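Have a look at the structure below before the remarks.
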Amino acid sequence: MTISSNISLKPYNTFGIDAFAKYFTTVQSPENILELLQSKEYQNNNRLILGGGSNMLLTKNVEALVIKNALKGIKIVKETNDTVFVKCAAGEVWHEFVMWCIDKNYGGLENLSLIPGCTGASPMQNIGAYGVEIKDTFYELEAIHATTGQLKTFSKSECEFGYRESVFKHHYKNQFIITSVTFQLSKHPAFHIEYGAIKQELEAMNISELNIKAISQAVINIRSSKLPNPKEIGNAGSFFKNPEVSSAIYHHLKDEFPNLVAYPLENSNYKLAAGWLIEQSGLKGYRVGDAAVHKLQALVLVNYGNASGNEIYDLSTHVLQTVKAKFGVELEREVNII
Ligand code: FAD
Ligand code: EPU
């Protein structure tokens, strides 16, 4: 295991921000991590765990030891006639893992196709798309405590999953290095196609018999048509969460803005489409230097080349303030600001 110093993180974050790490290392096994815990660079510095760097905005050089998680391996740990428990190491690329499951006809993750990043980060914000979140198939995860080196297993309830939320963003922030995630998948998958766009896309694809591979392909097609590919334009997906408001606020807004896009929630609140709020604030495609609001999806902020992390952050503040002034609604950043 080598620890390098003064390393550019540009290739390691999907915004393509050229910030530098004071120290940088790659870990390939839990043993590597335990060895790393003994090093002076680990003990004398703050640490930042890095997966695919697809949900972070680097606003300054990282005066810390950056630990790139490259733990690999996918294995079946338990199997019944109906169910299979698959344990995936944290450094596996998420989409490749989803493809592995689809190939074996293990259902549950197909709606989450093409989400960038690594499996180890998937519980951090309980990744979700097209009507499914990982909490729906999550079984347990293993993580090493950042100070004691002890391995702990977290059950689903201990992770406290919510919409783009988990205990690892709050109570246990920076306290654990996730090493693997185990999912409970189905050999007789139930299909989740209630999300309108999926049905339409499946129809356009002329699918005669529904299967998880077709659903995955439909999701890939939809995503590719509106989300910018980070290999071409720097971004970290949705920059803000879709805000939740009370029924009273929703009805007040709906009276004033009849085209408001919103979804009712079980608790009688409503989730508003932040992309709609931003577009209606006149900001879709708004650009300051190389920092911009994406032309096709206003919830996504992009770097057209040489924007700094601070320029993107300042743009996000402008978006927050403009939406607040027009709708009185406070957006919350979804991306991790470093
Ligand atoms: P990173 O950005 O590397 O890390 C994210 C956070 O997790 C950081 O705080 C990091 O320190 C921490 N972390 C990472 N790995 C570990 C670990 N092993 N142990 C402890 N902490 C760790 N997200 C969705 O939910 N739904 C979407 O539909 C979606 N679409 C996207 C589309 C695009 C084009 C892009 C660029 C992003 C999208 N995202 C989406 C966001 C992102 O892909 C996910 O949040 C993903 O899980 C991040 O994984 P990562 O490995 O890149 O995490
Ligand atoms: N909309 C607009 N203008 C825009 C963008 C969206 O009016 O510029 C409106 C449209 O009416 C659209 C609605 O907002 O019907 C919802 O848009 P979309 O289906 O694109 O989804 P989203 O709410 O913008 C969320 C997630 C995505 C996830 C998709 C699909 C959040 C913060 N974002 O986006 O996740 O892929 O749904 O399920 O919940 C991510 O987290 O990084 C991410 C990309």
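Keep in mind it's a predicted model, so treat the numbers as computed, not measured. For the numbers below, each heavy atom of this structure counts, side chains included, while hydrogens, waters and symmetry mates do not. Counting starts at 1 for both ligands and their atoms, following the listed order.
The closest approach between a heavy atom of Phe176 and any atom of ligand 1 is below 4.0 Å. In this structure, Gly91 has no heavy atom closer than 4.0 Å to ligand 1. At least one heavy atom of Lys226 sits closer than 4.0 Å to an atom of ligand 2.
Nearest to atom 19 (N) of ligand 1 among the protein's heavy atoms is Ile178 N, 2.9 Å. The protein atom (non-hydrogen) at minimum distance from atom 36 (O) of ligand 2 is Arg223 NH1, 3.4 Å. Remark: minimum distance from atom 5 (C) of ligand 2 to any protein heavy atom is reached at Gln297 OE1, 3.5 Å. Closest to atom 38 (O) of ligand 2 among all protein heavy atoms lies Tyr130 N, 2.7 Å. At the top of the distance list for atom 14 (O) of ligand 2, counting protein heavy atoms only, stands Ala273 CB, 3.3 Å. Given atom 40 (C) of ligand 2, the protein heavy atom at minimum distance is Ser238 OG, 3.2 Å. Among all protein heavy atoms, the one lying closest to atom 8 (C) of ligand 1 is Met56 CE, 3.8 Å. Among all non-hydrogen protein atoms, the one lying nearest atom 10 (C) of ligand 1 is Ile49 O, 3.1 Å. The protein non-hydrogen atom at the shortest distance from atom 36 (C) of ligand 1 is Gly237 N, 3.4 Å. Of the protein's non-hydrogen atoms, the one nearest atom 25 (C) of ligand 2 is Asn242 ND2, 4.1 Å. Of all protein heavy atoms, the one lying nearest to atom 41 (O) of ligand 2 is Glu334 OE2, 2.6 Å.
Ligand 1 has no nitrogen or oxygen under 3.5 angstrom from a nitrogen or oxygen of Ile338. The shortest N or O to N or O distance between Gly52 and ligand 1 is below 3.5 Å. At a 3.5 angstrom cut-off on N or O pairs, Ile127 does not count as close to ligand 1. An N or O contact shorter than 3.5 Å links Asn55 to ligand 1 by distance. Checked against a 3.5 angstrom limit, the closest N/O atoms of Leu48 and ligand 1 fall outside it. The distance criterion of under 3.5 Å between nitrogen or oxygen atoms is met by Gly128 with respect to ligand 1. Considering both main-chain and side-chain atoms, Asn69 comes within under 3.5 Å of ligand 1 through a nitrogen or oxygen pair. Residue Ala298 has at least one N or O atom closer than 3.5 Å to an N or O atom of ligand 2. When only interatomic distances are considered, the shortest N/O to N/O separation between Gln125 and ligand 2 does not fall below 3.5 Å. At least one N or O atom of Gly53 sits closer than 3.5 Å to an N or O atom of ligand 1. The distance criterion of under 3.5 Å between nitrogen or oxygen atoms is met by Arg223 with respect to ligand 1. Below 3.5 Å of separation, one finds an N or O of Arg164 facing an N or O of ligand 2. By the 3.5 Å distance cut-off applied to N or O atoms, Gly117 is not counted among the residues near ligand 1. For ligand 2, none of its N or O atoms has an N or O atom of Lys241 under 3.5 Å away.
Using a 3.5 Å distance cut-off with no hydrogens or angles, the side chains of His170 and Glu160 do not pair a donor with an acceptor. Donor-acceptor pairing under 3.5 Å is recorded for the side chains of Asn267 and Glu244. With hydrogens and angles left out, the side-chain atoms of Ser54 and Thr14 include no donor and acceptor closer than 3.5 Å. Defined by atom type and a distance below 3.5 Å, a donor-acceptor pair is missing between the side-chain atoms of Asn235 and His294. For the residue pair Asn46/Glu63, the side-chain donor-acceptor check at 3.5 Å is not satisfied. Side-chain contact annotation: Asn126 with Ser166, donor-acceptor N/O pair under 3.5 Å absent. Using modelled atom types and a 3.5 Å distance limit, the side chains of Asn45 and Lys22 yield a donor-acceptor pair.
Of the heavy atoms in Glu279, only side-chain atoms (C-beta onward) come closer than 4.0 Å to ligand 2. Residue contacts with ligand 2, taken as heavy atom pairs separated by less than 4.0 Å, involve Tyr163 solely via side-chain atoms from C-beta onward.
Closest non-hydrogen pair, Glu158 versus Lys152, comes out as OE2-NZ, 3.3 Å. Considering all non-hydrogen atoms of both residues, Leu260 and Leu272 come closest at CD2-CD2, 4.0 Å. Between Ser238 and Val335, the shortest heavy-atom distance links the atoms O-CG2, 3.6 Å.
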May I have the step-by-step check of ring pair (Phe, Tyr, Trp, His ring centres under 6.0 Å) for Phe176 and Phe154, ending in yes or no?
CA-CA 11 Å; Phe176 283 93; Phe154 286 82; 5.0 Å; yes
Using ring pair (Phe, Tyr, Trp, His ring centres under 6.0 Å), reason through Phe138 and Phe161 one step at a time and then give a plain yes or no.
CA-CA 10 Å; Phe138 178 94; Phe161 289 129; 5.0 Å; yes
Begin from the C-alpha positions of His192 and Tyr130 and carry the test ring pair (Phe, Tyr, Trp, His ring centres under 6.0 Å) through to its verdict.
CA-CA 8 Å; His192 299 284; Tyr130 300 96; over 10 Å; no
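Using a 4.0 Å threshold on non-hydrogen atoms, atom 16 (C) of ligand 2 counts as touching the protein. Taking a distance limit of 4.0 Å, we find that atom 12 (C) of ligand 2 is approached by no protein heavy atom.
With Lys241 as reference, Glu332 is the one residue of Glu334, Glu332, Gln125 to meet the side chain to side chain donor-acceptor pair (under 3.5 Å) rule.
The option with the heavy atom closest to atom 21 (N) of ligand 1, from among Met124, Lys169, Glu133, is Met124. Which of Phe240, Tyr195, Tyr263, Trp276 comes nearest to atom 32 (C) of ligand 2 through a heavy atom is settled by distance: it is Phe240. Summarising the contacts of atom 39 (N) of ligand 1 with Val132, Ile115, Leu141, the nearest heavy atom is found in Ile115.
With ring centers used as reference points, Phe257 lies under 6.0 Å from Phe327. Ring centers of Phe183 and Tyr139: at least 6.0 Å apart, outside the cut-off.
Put simply, the side chain of His145 does not reach to within 4.5 Å of the side chain of Ile177, judged on heavy atoms.
Once rounded to the nearest 0.5 Å, the distance linking CD of Glu92 with CG of Asn69 reads 10.5 Å.
Side-chain heavy atoms closer than 4.5 Å link hydrophobic residues (I, L, V, M, F, W, Y) into clusters, and following such links, even through other members, never connects Ile115 to Phe15.
A cation-pi arrangement is present between Arg333 and Tyr313, with the terminal nitrogen or guanidinium carbon under 6.0 Å from the aromatic centre and inside a 45° cone about the axis.
The ligand atoms of ligand 2 that sit less than 4.0 angstrom from a heavy atom of Lys284 are 3 (N), 4 (C), 8 (O).
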